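Note that the numbering runs from 1 along the sequence shown for the chain. First listed ligand is number 1; within each ligand, the first listed atom is number 1. What's counted below: heavy atoms across the whole structure, side chains too, no hydrogens, waters or symmetry copies. Given the structure is predicted, the values throughout are model-derived calculations rather than measurements.
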Amino acid sequence: MILLGPPGAGKGTQAKRLAEHLGVPQISTGDMLRAAVQAGSSLGRQAQSYMERGALVPDDVIVGLVRERLTQPDAKAGYILDGFPRTLGQAEALEAQGVKLDAVLALEVPAEDVVRRIAGRRTCAKCGAMSHVTFSPTRTSGVCDACGGETVQRADDREETVRRRLEVYAEQTAPLVRFYERAGLLRRVPGTGTIAEIFARALQALG
Ligand code: AP5
């Protein structure tokens with residue numbers, strides 16, 4: 001299945017819960033790219049300049065990355081795609097690969113909530129666990145509850161870059177909602193409320 005939604009909609013948050021609940025991996029292209037940037041690989045060097053600007057990494061790079069990931073043994077019984085596809089080209093490439101989707105969940109969140117969520121998001125520099133300074137704060141400010149690592153703000157979560165990411169979503173990714181609606185796969189999930197409430201709605205939408 002696919003989780004669709006604007007930056008900060010809670011895709012990563014819900015994908016982690018759904019993955020655990022359904023016993024399938026969460027495949028987040030954003031996480032894969034950030035790991036490549038941190039490792040300093042050639043993919044990471046290529047992706048970094050796009051990500052820092054809030055632009056999309058070119059389709060051919062991402063499509064190749066996902067194609068390879070989907071061949072891993074843990075993806076045999078299914079998976080949750082978080083942040084992919086993000087363009088019509090990527091969606092068509094997935095189809096061309098013969099992937100049969102069960103559902104596409106579209107998380108619907110008003111722009112002002114998205115901005116608040118992104119502004120307060122913190123990620124552990126060591127283990128990647130996510131928190132929010134207001135909505136799900138760590139016990140000690142700046143320190144990860146899970147591993148004691150330092151919690152930091154993502155490089156692309158600065159205001160200027162967030163504005164660009166939202167524009168890119170509206171221009172290039174929002175058309176996928178219609179694309180999957182026409183394919184009869186779209187399930188709309190209101191993305192406001194608590195994380196637990198949205199998770200319950202997502203499960204209900206999946207039947
Ligand atoms: P990516 O990492 O995928 O970023 P994104 O889509 O912009 O989404 P986010 O990670 O910002 O938000 P989210 O929806 O996962 O929300 P989250 O759960 O964190 O991509 C980053 C970059 O990589 C892109 O800009 C692009 O350059 C590149 N890229 C990635 N995939 C690509 C692709 N396919 N093609 C081309 N380029 C690609 O939640 C946000 C915050 O809100 C958290 O702090 C969380 O704790 C909090 N929160 C969540 N739910 C709630 C709630 N219900 N109430 C209150 N707070 C909440």
Test log, rule salt bridge (charged side-chain N to carboxylate O under 4.0 Å, His left out), inputs R17 and E20
CA-CA 5 Å; R17 293 189 162 216; E20 200 174 312; over 6 Å; no
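- Checking side-chain atoms of D156 against main-chain N and O of G54 turns up no donor-acceptor pair under 3.5 Å.
- Among protein heavy atoms, atom 23 (O) of ligand 1 sits closest to M51 CE, 3.5 Å.
- Which of S131, G10, A15, G120 comes nearest to atom 44 (O) of ligand 1 through a heavy atom is settled by distance: it is S131.
- Distances between N or O atoms of I198 and those of ligand 1 include no value under 3.5 Å.
- Residue-ligand proximity, I195 to ligand 1, at heavy-atom distances under 4.0 Å covers atoms 50 (N), 51 (C), 52 (C), 53 (N).
- Close approach to Q90 involves these atoms of ligand 1, each under 4.0 Å from a residue heavy atom: 33 (C), 34 (N), 35 (N), 36 (C).
- Against a heavy-atom cut-off of under 4.0 Å, G12 is close to the following atoms of ligand 1: 13 (P), 15 (O), 18 (O).
- Using a 4.5 Å heavy-atom cutoff, the side chains of S131 and D145 are not in contact.
- Cluster annotation: V99 is connected to I62 through the hydrophobic network of ILVMFWY side chains, with a link wherever side-chain heavy atoms come within less than 4.5 Å.
- Atoms of ligand 1 found under 4.0 Å from any heavy atom of P6 (numbered from 1 in listed order, with element): 14 (O).
- Note: no N/O pair closer than 3.5 Å links Y50 and ligand 1 by distance alone.
- A distance of 8.0 Å separates OG1 in T13 from CZ in R117, rounded to the nearest 0.5 Å.
- For a threshold of 3.5 Å applied to N or O pairs, the pair formed by R154 and ligand 1 contains at least one separation below that value.
- Not a single donor-acceptor pair under 3.5 Å links the side chain of Q46 to the backbone N or O of S41.
- Near R34, the atoms of ligand 1 lying under 4.0 angstrom from a non-hydrogen atom of the residue are 2 (O), 21 (C).
- Counting only distance, with no hydrogens or angles, the side chain of K11 and the backbone of P6 share a donor-acceptor pair below 3.5 Å.
- A donor-acceptor pair is defined here as one N or O able to donate and one able to accept, closer than 3.5 Å; no such pair exists between the side chain of T140 and the backbone of V143.
- Here the protein heavy atom with the shortest distance to atom 7 (O) of ligand 1 is R165 NH2, 2.7 Å.
- At the shortest separation from atom 27 (O) of ligand 1 among protein heavy atoms lies A55 O, 2.6 Å.
- An N or O contact shorter than 3.5 Å is missing between F135 and ligand 1 by distance.
- Counting atoms of ligand 1 from 1 in the listed order, those under 4.0 Å from a heavy atom of S136 are 46 (O).
- Looking at P7 next to ligand 1, no N or O pair under 3.5 Å apart turns up.
- For V57, a nitrogen or oxygen atom sits less than 3.5 Å from a nitrogen or oxygen atom of ligand 1, counting backbone and side chain alike.
- For the pair T138 (side chain) and C144 (backbone), a donor-acceptor distance under 3.5 Å is absent.
- Taking 4.0 Å as the cut-off, R122 does not count as a neighbour of ligand 1 on heavy-atom distance.
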Check against salt bridge (charged side-chain N to carboxylate O under 4.0 Å, His left out), R163 and E167:
CA-CA 6 Å; R163 216 173 297 135; E167 284 167 6; over 6 Å; no
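- Nearest to atom 40 (C) of ligand 1 among the protein's heavy atoms is R121 NH1, 3.7 Å.
- Of the possible polar contacts, none joining the Q14 side chain to the G10 backbone as a donor-acceptor pair under 3.5 Å is found.
- Classification of R116 and E112 as a salt-bridged pair fails, no side-chain N sitting under 4.0 Å from a carboxylate O.
- At the top of the distance list for atom 42 (O) of ligand 1, counting protein heavy atoms only, stands R117 CB, 3.2 Å.
- Close approach of ligand 1 to A9 is summarised as follows: ligand atoms under 4.0 Å from at least one heavy atom of the residue are 14 (O), 16 (O).
- Annotation: cation-pi geometry satisfied between R53 and Y50 (NZ/CZ under 6.0 angstrom from ring centroid, within 45° of ring axis).
- Nearest protein heavy-atom contact of atom 47 (C) of ligand 1 is H132 CD2, 4.1 Å.
- At a threshold of 4.0 Å, the pair R165-D157 counts as salt-bridged, since one of the basic side-chain nitrogens sits closer than that to a carboxylate oxygen.
- At a heavy-atom distance under 4.0 Å, only backbone atoms of T194 (N, CA, C or O) approach ligand 1.
- Here's the thing with T13: one of its N/O atoms is less than 3.5 angstrom from an N/O atom of ligand 1.
- Close N/O approach between G8 and ligand 1 is found [any backbone or side-chain N/O within under 3.5 Å].
- The contact set between ligand 1 and L33, taken as ligand atoms under 4.0 Å from a residue heavy atom, comprises 23 (O), 28 (C), 29 (N), 30 (C), 38 (C).
- For atom 30 (C) of ligand 1, the closest heavy atom belonging to the protein is R86 NH1, 3.4 Å.
- In terms of N/O distances under 3.5 Å, ligand 1 is approached by G83.
- A donor-acceptor pair is defined here as one N or O able to donate and one able to accept, closer than 3.5 Å; no such pair exists between the side chain of R122 and the backbone of V133.
- V63 places none of its side-chain heavy atoms less than 4.5 Å from the side chain of L94.
- Between the side chain of R121 and the backbone N or O of R154 there is no donor-acceptor pair closer than 3.5 Å.
- Between T29 and ligand 1, an N or O atom pair is found at a separation short of 3.5 Å.
- At the top of the distance list for atom 54 (N) of ligand 1, counting protein heavy atoms only, stands G193 O, 3.6 Å.
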